[in-house]
Amino acid sequence: RESVLSTYYNTQDGWYLDLPAAWIGAVTVTRERSSADEAMVTFYRRDENGAPILRLCAISGSGREQKAARGNRLILSRQTDVIYTAELMPANNGWAGTLQEDLLRSSFHLIERQWSVGDN
């Protein structure tokens, strides 16, 4: 009867994120496509600042390696046809919900679409 973990599921792009406890009720989320090959989910602080704190991207297509290397993006996962990246934004620093890179990496997961034989 007690909440032990909150997650954000992005079924369209095939991943989910374990949310830090400090983020519950303190962030908002948007999803958009910057191109046919790139979907972005951005988490924003839900305060007077309203600034972005984290952006996660699912990048596909022939130029995915180049797009994944842009800016301060961290590679979270490389799959056959998609690369998942994250970018910690400047507003991530200096608030109660500050997210560190190591926690971000351990909190990111791919959604398993089907079970393999023997996974029961």
Side-chain angles (χ1 to χ4, degrees):
R1 297 196 171 235
E2 192 173 309
S3 177
V4 293
L5 184 65
S6 295
T7 57
Y8 174 82
Y9 271 80
N10 180 342
T11 55
Q12 290 174 302
D13 300 321
W15 59 265
Y16 69 97
L17 186 70
D18 301 331
L19 300 176
W23 283 28
I24 308 308
V27 299
T28 59
V29 181
T30 63
R31 181 183 183 274
E32 61 185 285
R33 293 194 78 80
S34 62
S35 70
D37 296 336
E38 187 172 1
M40 299 184 303
V41 171
T42 306
F43 293 83
Y44 297 85
R45 288 170 55 169
R46 193 176 184 180
D47 57 14
E48 67 281 350
N49 187 348
I53 51 177
L54 173 65
R55 180 168 292 134
L56 298 171
C57 296
I59 308 167
S60 59
S62 60
R64 64 184 171 273
E65 288 292 338
Q66 293 81 12
K67 288 181 181 179
R70 286 185 189 159
N72 296 321
R73 290 180 172 179
L74 311 167
I75 306 282
L76 297 176
S77 179
R78 272 191 176 86
Q79 300 300 304
T80 304
D81 57 350
V82 65
I83 298 174
Y84 297 95
T85 66
E87 185 175 0
L88 292 166
M89 311 302 272
N92 174 59
N93 298 318
W95 72 297
T98 297
L99 185 61
Q100 302 299 322
E101 182 181 333
D102 57 341
L103 181 58
L104 169 60
R105 287 185 186 281
S106 66
S107 297
F108 179 84
H109 311 279
L110 298 179
I111 296 172
E112 295 292 330
R113 299 220 183 262
Q114 70 183 37
W115 294 97
S116 300
V117 175
D119 285 349
N120 49 16

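What you see below is based on every heavy atom in this structure, not just the backbone, and it leaves out hydrogens, waters and symmetry mates.
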**Report entry** Residues in side-chain contact (heavy atoms from CB on, under 4.5 Å) contact with Ile111, at least two apart in sequence or another chain
**Finding:**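 Only Tyr9, Thr11, Tyr16 meet the side-chain contact (heavy atoms from CB on, under 4.5 Å) criterion with Ile111.
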
Requested in this report: Would you please name every residue forming a side-chain contact (heavy atoms from CB on, under 4.5 Å) with Ala21, sequence neighbours left out?
Outcome: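 Ala21: no side-chain contact (heavy atoms from CB on, under 4.5 Å) contacts found.
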
Query raised in the report: Atom OG1 of Thr85 and atom CZ of Phe108: how far apart are they, to the nearest 0.5 Å?
Result: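 Thr85 atom OG1 to Phe108 atom CZ measures 8.5 Å (nearest 0.5 Å).
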
Query - Interatomic distance, Ser107 atom OG to Leu19 atom CG [nearest 0.5 angstrom] - result: 8.5 Å

Requested in this report: Check the side chains of Ser77 and Gln79 for a donor-acceptor pair under 3.5 angstrom, ignoring hydrogens and angles.
Outcome: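 Checked: Gln79/Ser77 side chains pair up, N/O donor to acceptor below 3.5 Å.
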
Query raised in the report: Can you list the residues that meet the salt bridge (Lys or Arg N to Asp or Glu O under 4.0 Å) rule with Asp47, with sequence neighbours excluded?
Result: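 Testing Asp47 for salt bridge (Lys or Arg N to Asp or Glu O under 4.0 Å), a comparison that skips the adjacent residues, returns Arg45.
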
Query - Results of salt bridge (Lys or Arg N to Asp or Glu O under 4.0 Å) for Glu38 - residues two or more places apart only - result: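 Glu38: salt bridge (Lys or Arg N to Asp or Glu O under 4.0 Å) contacts with Arg73.
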
Check for me, please, whether [X] and [Y] land in the same ILVMFWY cluster - side-chain distances under 4.5 Å, paths through other members count.
X	Y	value
Val41	Ile75	no
Leu99	Val29	yes
Leu110	Leu76	yes

Sequence neighbours excluded, which residues qualify as side chain to side chain donor-acceptor pair (under 3.5 Å) partners of [X]?
X	answer
Asp13	Asn10, Arg31
Thr30	none
Arg78	Glu65
Asn72	none

Query raised in the report: Are any of the side-chain heavy atoms of Leu104 and Leu74 separated by less than 4.5 Å?
Result: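 With C-beta onward as the side chain, the pair touches.
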
Query raised in the report: Heavy-atom distance under 4.5 Å between the side chains of Leu17 and Thr7, does that happen here?
Result: no

Query raised in the report: Of the non-hydrogen atoms in Pro52 and Ala91, which two are nearest, and what is the gap between them?
Result: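 Minimum heavy-atom separation between Pro52 and Ala91: O-CB, 3.2 Å.
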
Query raised in the report: What do you reckon, is CZ of Arg46 surrounded by more than 12 foreign heavy atoms closer than 6.0 Å?
Result: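 Not more than 12 within 6.0 Å, no.
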
Query - Sequence neighbours excluded - ring-ring contact (aromatic ring centres under 6.0 Å, His included) pairs with any residue from residues 24-46 - result: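 Found Tyr8-Phe43, Trp23-Phe43.
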
Report summary line: Contacts satisfying ring-ring contact (aromatic ring centres under 6.0 Å, His included) that involve residues 54-83 (not counting sequence neighbours) are none

N/O donor-acceptor pairs under 3.5 Å from side chains in residues 53-62, not counting sequence neighbours:
from  : atom 1 : to    : atom 2 : distance (Å)
Arg55 : NE     : Thr42 : OG1    : 2.9

Query raised in the report: Does anything in residues 89-104 pair up under side-chain hydrogen bond (donor to acceptor under 3.5 Å, both in side chains), and if so which pairs, sequence neighbours excluded?
Result: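 Every pair satisfying side-chain hydrogen bond (donor to acceptor under 3.5 Å, both in side chains) with a residue in residues 89-104: Glu101-Arg105.
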
